[in-house]
Colleague: 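Below are the structure tokens for one structure; questions will follow.
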Amino acid sequence: MTSLAEPALAVEQFDCPTCSVPAGSTCRTRGGKVAPKYHTPRFMLVPQLRAELEVRTPAERGPGHAWEMGPAVQAAAPQAQVKPTRVGYARCSTAAQELQSQLDALHEAGCDPVFSEKISTRIKVRPEFVKALAYAQNIKKAVPHQRVILTVHEMKRLGRGAAELLTIAETLRNDDIQLELLTGPLQGVYDPALFSYSYGERTCSAV
């Protein structure tokens, strides 16, 4: 693997799952120009860069200029990690409540990265949850054989209503992402399809 003193070179060892450029080339925009940053699924193929929010295209590659194919190189084969990728999400409803105990539990469970926010479940769009789900989806898209788990401290951190929880479970099922609850009566790691089916009965069986 190329030294991560040059992240761009490490990223360019892989074909891009988003814009379909071959290994050895920068990412490109739909308009045919050099993209200002590498597409997320591509740099997530580099294990050391998976926690990054973005990897910028070096100035010498000419971001914003007309895209040209770089020198052909043999693409590295993406390899799934031996251990699953756990994406953590922590939430509490008010600024007065503490998040640290959830964060500690998620880090202890091996979650990396961990997204957190103080926001009520009454708010339909929770920005950090959206980011956590998008991150998990991008990992799965970039490395389809990688086992990806969305981990929360307890079920109510995702939502309180059955309809909302079942919608989330269905989204995870469609993306082949597992759900993990660290505490509570349904503690364990679940196939979302089973969770979705049996949530109403409170009879989930952990994987």
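Computed from a prediction, not measured in an experiment: that's the story for all the values here.
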Colleague: What's the spacing between E154 CD and K156 NZ if we round to 0.5 Å?
Modeller: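 Going from CD on E154 over to NZ on K156, the span is 4.5 Å.
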Colleague: For I119, which fellow cluster members are found when Ile, Leu, Val, Met, Phe, Trp and Tyr are connected by side-chain heavy-atom distances below 4.5 angstrom, either directly or through intermediates?
Modeller: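 Members other than I119 - counting any ILVMFWY side chain reachable under 4.5 Å - are I123.
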Colleague: Can you establish whether the number of heavy atoms outside E108 located under 6.0 Å from its atom CD is more than 12?
Modeller: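 No.
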Colleague: Which atoms form the tightest heavy-atom contact between A66 and V34, and what is the distance?
Modeller: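 Looking at all heavy atoms of both residues, the closest pair is O-CG2, 4.1 Å.
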Colleague: With a 4.5 Å limit on heavy-atom distance, are the side chains of T18 and R42 in contact?
Modeller: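 When only atoms from C-beta onward are counted, R42 and T18 do not touch, as no gap falls below 4.5 Å.
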Colleague: Kindly indicate whether the side chain of T171, heavy atoms from C-beta on, has any atom under 4.5 Å from the side chain of Q137.
Modeller: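 In short, these two side chains touch, coming nearer than 4.5 Å.
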Colleague: Any link between V87 and V114 through a network of hydrophobic side chains (Ile, Leu, Val, Met, Phe, Trp, Tyr) touching at under 4.5 Å?
Modeller: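 As far as the 4.5 Å side-chain criterion goes, V114 and V87 are not connected within one cluster.
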Colleague: Can you list the residues that meet the ring pair (Phe, Tyr, Trp, His ring centres under 6.0 Å) rule with Y89, with sequence neighbours excluded?
Modeller: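 For Y89 the ring pair (Phe, Tyr, Trp, His ring centres under 6.0 Å) partners, ignoring immediate neighbours, are F129.
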Colleague: Can you tell me how far the CD atom of E117 sits from the SG atom of C92, to the nearest 0.5 Å?
Modeller: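 Rounded to the nearest 0.5 Å, the CD-SG separation comes out at 9.5 Å.
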Colleague: To the nearest 0.5 angstrom, please state how far the CG atom of L45 sits from the CD atom of Q146.
Modeller: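 With rounding to 0.5 Å, CG (L45) is 11.0 Å from CD (Q146).
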Colleague: Once rounded to the nearest 0.5 Å, what's the spacing between atom OH of Y190 and atom CD of Q178?
Modeller: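 Between atom OH of Y190 and atom CD of Q178 there are 11.5 Å.
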Colleague: Answer yes when E12 and R61 have at least one side-chain N-carboxylate O distance shorter than 4.0 Å, and no when they do not.
Modeller: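 Yes.
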Colleague: Do R86 and V189 come close enough that some side-chain heavy atom pair is under 4.5 Å?
Modeller: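 SC-SC contact between R86 and V189 confirmed.
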Colleague: Below 4.5 Å, heavy atoms only, C-beta onward: do P7 and L49 meet side chain to side chain?
Modeller: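 Yes; the side chains approach each other to less than 4.5 Å.
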Colleague: State yes or no: do V21 and V46 share one hydrophobic cluster built from I, L, V, M, F, W and Y residues joined by side-chain heavy-atom distances below 4.5 Å, directly or via other members?
Modeller: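 Different clusters.
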Colleague: Heavy atoms only: give me the nearest T57-A35 pair and the separation to one decimal.
Modeller: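 Residues T57 and A35, closest heavy atoms: OG1-O, 2.8 Å.
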Colleague: Looking at R126 and E128, is there a salt bridge between them, counting it only when a charged N and a carboxylate O are closer than 4.0 Å?
Modeller: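 Salt bridge flag = no for R126 with E128.
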Colleague: Do V143 and M44 touch side chain to side chain, with heavy atoms closer than 4.5 Å?
Modeller: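 No; the side chains remain at least 4.5 Å from each other.
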Colleague: Hey, what do you get for CZ (R28) to NZ (K33), rounding to the nearest 0.5 Å?
Modeller: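 That separation rounds to 14.5 Å.
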Colleague: Take atom CD in E54; do more than 12 heavy atoms of anything else shown fall under 6.0 Å from it?
Modeller: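 Atom CD in E54 is crowded, with more than 12 foreign heavy atoms closer than 6.0 Å.
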Colleague: Could you tell me whether K118 atom NZ has more than 12 heavy atoms of other residues or ligands within 6.0 Å of it?
Modeller: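 It does: K118 NZ has more than 12 such atoms within range.
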Colleague: Taking all non-hydrogen atoms of both residues, which atom of G88 and which atom of A132 are closest, and how far apart?
Modeller: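 Taking G88 first and A132 second, the nearest heavy atoms are O-CB, 4.4 Å.
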Colleague: Under a 4.5 Å cut-off applied to non-hydrogen side-chain atoms, are T85 and I149 in contact?
Modeller: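 The answer is no, as the side chains (C-beta and beyond) never meet within the 4.5 Å cut-off.
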Colleague: Evaluate whether atom CD of Q74 has more than 12 neighbouring non-hydrogen atoms of other residues, nucleotides or ligands under 6.0 angstrom away.
Modeller: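 Atom CD in Q74 is not packed in, count stays at 12 or less.
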Colleague: Quick one: pull up CG in L133 and CG in L158 and give me the separation to the nearest 0.5 Å.
Modeller: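 Atom-to-atom, L133:CG and L158:CG are 10.0 Å apart.
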Colleague: If we only count heavy atoms from C-beta on, is the D175 to K140 side-chain gap below 4.5 Å?
Modeller: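 They are not in side-chain contact.
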Colleague: So which heavy atom on H39 is nearest to which on C16, and how close?
Modeller: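 Scanning both residues, the minimum pair turns out to be ND1-SG, 3.7 Å.
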Colleague: What heavy-atom pair brings A90 and L103 nearest, and what distance separates the two atoms?
Modeller: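 Closest heavy-atom pair between A90 and L103: CB-CD2, 3.9 Å.
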Colleague: Following the transitive rule for hydrophobic clusters with a side-chain heavy-atom cut-off under 4.5 Å over Ile, Leu, Val, Met, Phe, Trp and Tyr, establish whether F115 and L182 coincide in one cluster.
Modeller: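 Hydrophobic grouping puts F115 apart from L182.
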Colleague: Give me the atom names and distance for the closest heavy-atom approach of F43 to V11.
Modeller: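 For F43 and V11, the tightest heavy-atom pair comes out as CB-CG2, 3.5 Å.
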